[in-house]
Protein chains: 2
Amino acid sequence: MPTIKDVALAAGCSTATVSRALANPEKVTDATRKRVASAIAKVGYSPNLAARNLRRSESRTIVVLLPDIANPFFSEIIAGLEDVAHREGYRVLLGDCEHDTGRAKAYFDLLPTNQADGIILLTAEIPLSLVTQQARGSQIPLVMACEYFDHLALPTVRIDNPLAAARAIEYLSSLGHRRIATITGPMQNPICIDRVKGYQSEMARQQLAVNPGWIVEGDFGFLSGYQQGQLLLALPPEARPSAIFCHSDEMAIGLMKAARDASVRVPEDLSVIGFDNIGFSEYCQPELTTVSQPRDEIGRCAMRLLLDVLRKKQVPHQQVLNTQLIVRASTAQAPKL
Amino acid sequence: MPTIKDVALAAGCSTATVSRALANPEKVTDATRKRVASAIAKVGYSPNLAARNLRRSESRTIVVLLPDIANPFFSEIIAGLEDVAHREGYRVLLGDCEHDTGRAKAYFDLLPTNQADGIILLTAEIPLSLVTQQARGSQIPLVMACEYFDHLALPTVRIDNPLAAARAIEYLSSLGHRRIATITGPMQNPICIDRVKGYQSEMARQQLAVNPGWIVEGDFGFLSGYQQGQLLLALPPEARPSAIFCHSDEMAIGLMKAARDASVRVPEDLSVIGFDNIGFSEYCQPELTTVSQPRDEIGRCAMRLLLDVLRKKQVPHQQVLNTQLIVRASTAQAPKL
DNA sequence: AGAGTTTATGTAATGCATTACATTCAGTAA
DNA sequence: TTACTGAATGTAATGCATTACATAAACTCT
């Protein structure tokens, strides 16, 4: 592999000039710039990034930490993230923590050694100490998306979870549903707490009673939706919900399977709303009514925010994006009775 | 950030000794090793990898190139890959080429500059020139998984596609189906050609005629399954297939939606087989009969193979893993005429 | 005891790009 | 013409870990 020296030799100048021609083109003559350019082409040079990174103390690599690559919810966010990153000359290192604390720490450890310049957190399921510890010392470039930590004022991109939940409930209420349950995500996630709050406040606003048994916790996955669905559908008739709002599409789809197994018709007997609008939600039976998040835009915003932080721009701390209720076939007028 | 010098100072030895204590512990005394270890703990040292990489001309980073992160088929492969990589001290850089040639090239360019040590290709949708060009010069560490290139003898991990397809057809035939169609993936992929070959040869073996209109090309996605499904279901009754074998679960699910829309019952009127056994296939309606690939194991094998290549071990060129037909509810006895 | 090994450690060169500082030269003002 | 400014380029130090080579010390064998 040719080095900058070979280029300097071929261009008849010093390595410093070559370096400048590349990094600060305005600092060299037009003539030299051209000579350097053709020399680069001639010897087939491309800079050794390890050396550059060593010198500049940066890596142009952004770590994106997520709980589970397998979850299709994240894929579009990642696509958005990556697109912005590539445009700006950054690389994205995807870190799947698999709900495993050790992994997350390993990724955080990349920062002080300049193997990564910043972190985007798509999960709150990491030890808070990792974040606070870092934040205490020097301000590390850290941006959260989707999730957030309550007490920490980190730059964050997110949706208005209470509002999104409230809208879903409002819609169900408008269809005449009075017994509305919810299958939440893991309740250690602030966003799930928010959605439950939105659920509760809207239920109150609609003057609907909430049976404590109507709030059940899942883990966003198919199976938990199926299992919790079975529980809800097994409630005695007077307590059995006629509509269920799920914190993820996967759980909603699991729930619909539980309904089929229990011969409960969706949407005639049971209305179901999901969350996320994953590709699948259009292809399940019935097609799923769901709360859509601008996933691509969430990814783009998060990356832009992080790059702003890296460039020490003044950044707004919270960015809230809009959700949209997509009405499909899994919701209908509440059954009479 | 403390450097190796600080450690040397704290341990009362030279930087060379510290370096050796870390890289070749057997070359230093027990006593020194302990002194170094406690010095490292004391100053909170962790090596600057940019410097190490520069010196060693390696990056301990493996690029994994795939056509589309959003496709859940890859997620489990990636999980397997990553697990092996992490265990062996390597990092995984995921490269989504999004069917975009330029991106792939950018990732290949990481190799000569020591930003990546090797590449695992999960897609054949890249310009072949990238591969051959590299292969010509120096043997670059490149392993393929799932996909492969015909004429190139690259180390590859894959399944027996003709056999898997033949088994699916054999099963449909055993259910009495005589008019069996197939929705393929993009036909520039050798694996799709293989599956079609398996389909054709098994049809012949079962003495079943193949209507040329029964082989239609999709792109692995939901929508193409839906659209091609509509076409197949619109065939005149005597040419209309009673069973369809799809090259992906997504297409099979799209197809089932097309069937619903056309009031064709699955499996009573139409049997459907998918490919991949994605998580969703258990939750769709009806549950999907599908060909399962050992995705986790494919990922693990591919990474192990690549690491073997990096370590210059003699490696077997082709590794073929087994598939399994998972029978669920989307297939049934062929309808009586 | 003397010569030859072996083992442990230190010294200094190395990998490559960047950049502070030094130098050169052309151009401007007095 | 002299002194000075600014632009363009060169020289060399720098970032940090690794490792070839050198040295020192301990040990073996005759």
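First the proteins, then the strands, lettered A, B, ... as listed; each starts at 1. The structure displayed is predicted, hence computed values, not measured ones.
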Could you check how far CD of B:Gln115 sits from P of C:dC16, rounded to whole Å? 14 Å
Figure out the CZ/C1' separation between A:Arg52 and D:dG15, and round it to whole Å. 15 Å
Just the atom pairs and distances: protein N or O near nucleotides 19-26 of chain D's N or O, under 3.5 Å.
none

Side chain B:Asn48, main chain B:Ala51, donor-acceptor under 3.5 Å: yes
Rounded to whole Å, how long is the line connecting atom CG of B:Leu9 with atom C1' of D:dC16? 16 Å
Roughly how many Å is it from CZ in B:Arg35 to C1' in C:dT9, rounded to a whole number? 10 Å
Is a donor from one side chain sitting under 3.5 angstrom from an acceptor on the other, for A:Glu58 and A:Asn53? no
Taking the nucleotide of DNA chain D with the closest heavy atom to each, which residue, B:Pro2 or A:Glu26, is nearer the 5' end? A:Glu26
OP1 or OP2 of C:dA8 versus the side-chain N and O atoms of B:Thr32: is any pair under 4.0 Å? no
Please report, rounded to the nearest Å, how far the P atom of D:dG15 is from the CG atom of A:Asn48. 18 Å
Any side-chain to backbone donor/acceptor pair from B:Ser19 onto B:Thr17? Under 3.5 Å, distance only. no
Over all atoms of both residues, closest heavy-atom pair of B:Ala23 and B:Arg56: CB-NH2, 4.3 Å
Contacts satisfying salt bridge (Lys or Arg N to Asp or Glu O under 4.0 Å) that involve residues 72-90 of chain B (not counting sequence neighbours) are A:Arg103-B:Asp83, B:Glu76-B:Arg295, B:Asp83-B:Arg87, B:Asp83-B:Arg300, B:Glu88-B:Arg311
What is the distance, to the nearest angstrom, from the CG atom on A:Asn53 to the P atom on C:dT18? 10 Å
Heavy atoms under 4.0 Å, any strand shown: does B:Ser57 hit a base, just sugar-phosphate, or nothing? nothing
What bend angle does the helix from C:dA1-D:dT30 to C:dA30-D:dT1 show across its length, from five-pair end axes and to the nearest 10 degrees? 40°
Would you mind reading off the distance between B:Leu54 atom CG and C:dT18 atom C1', rounded to a whole angstrom? 13 Å
Decide yes or no for B:Ile62 and B:Ile119: does some side-chain heavy atom of the first lie under 4.5 Å from some side-chain heavy atom of the second? no
Using distance alone, with no hydrogens and no angle criterion, decide if A:Gln318 and A:Arg158 have a side-chain donor and acceptor under 3.5 Å apart. yes
CG of A:Asp6 versus P of C:dG15: gap in Å, rounded? 12 Å
Where the side chain of B:Tyr45 is concerned, which of C:dG10, D:dA17, C:dA17 is the nearest nucleotide? D:dA17
A:Val28 side-chain proximity, nearest of C:dG10, D:dT9, D:dG10: D:dT9
For A:Val92 versus B:Leu93, what's the shortest heavy-atom pair and its separation? O-CD1, 3.0 Å
Taking all non-hydrogen atoms of both residues into account, name the closest pair between A:Pro72 and A:Ser75 and its distance. O-OG, 2.6 Å
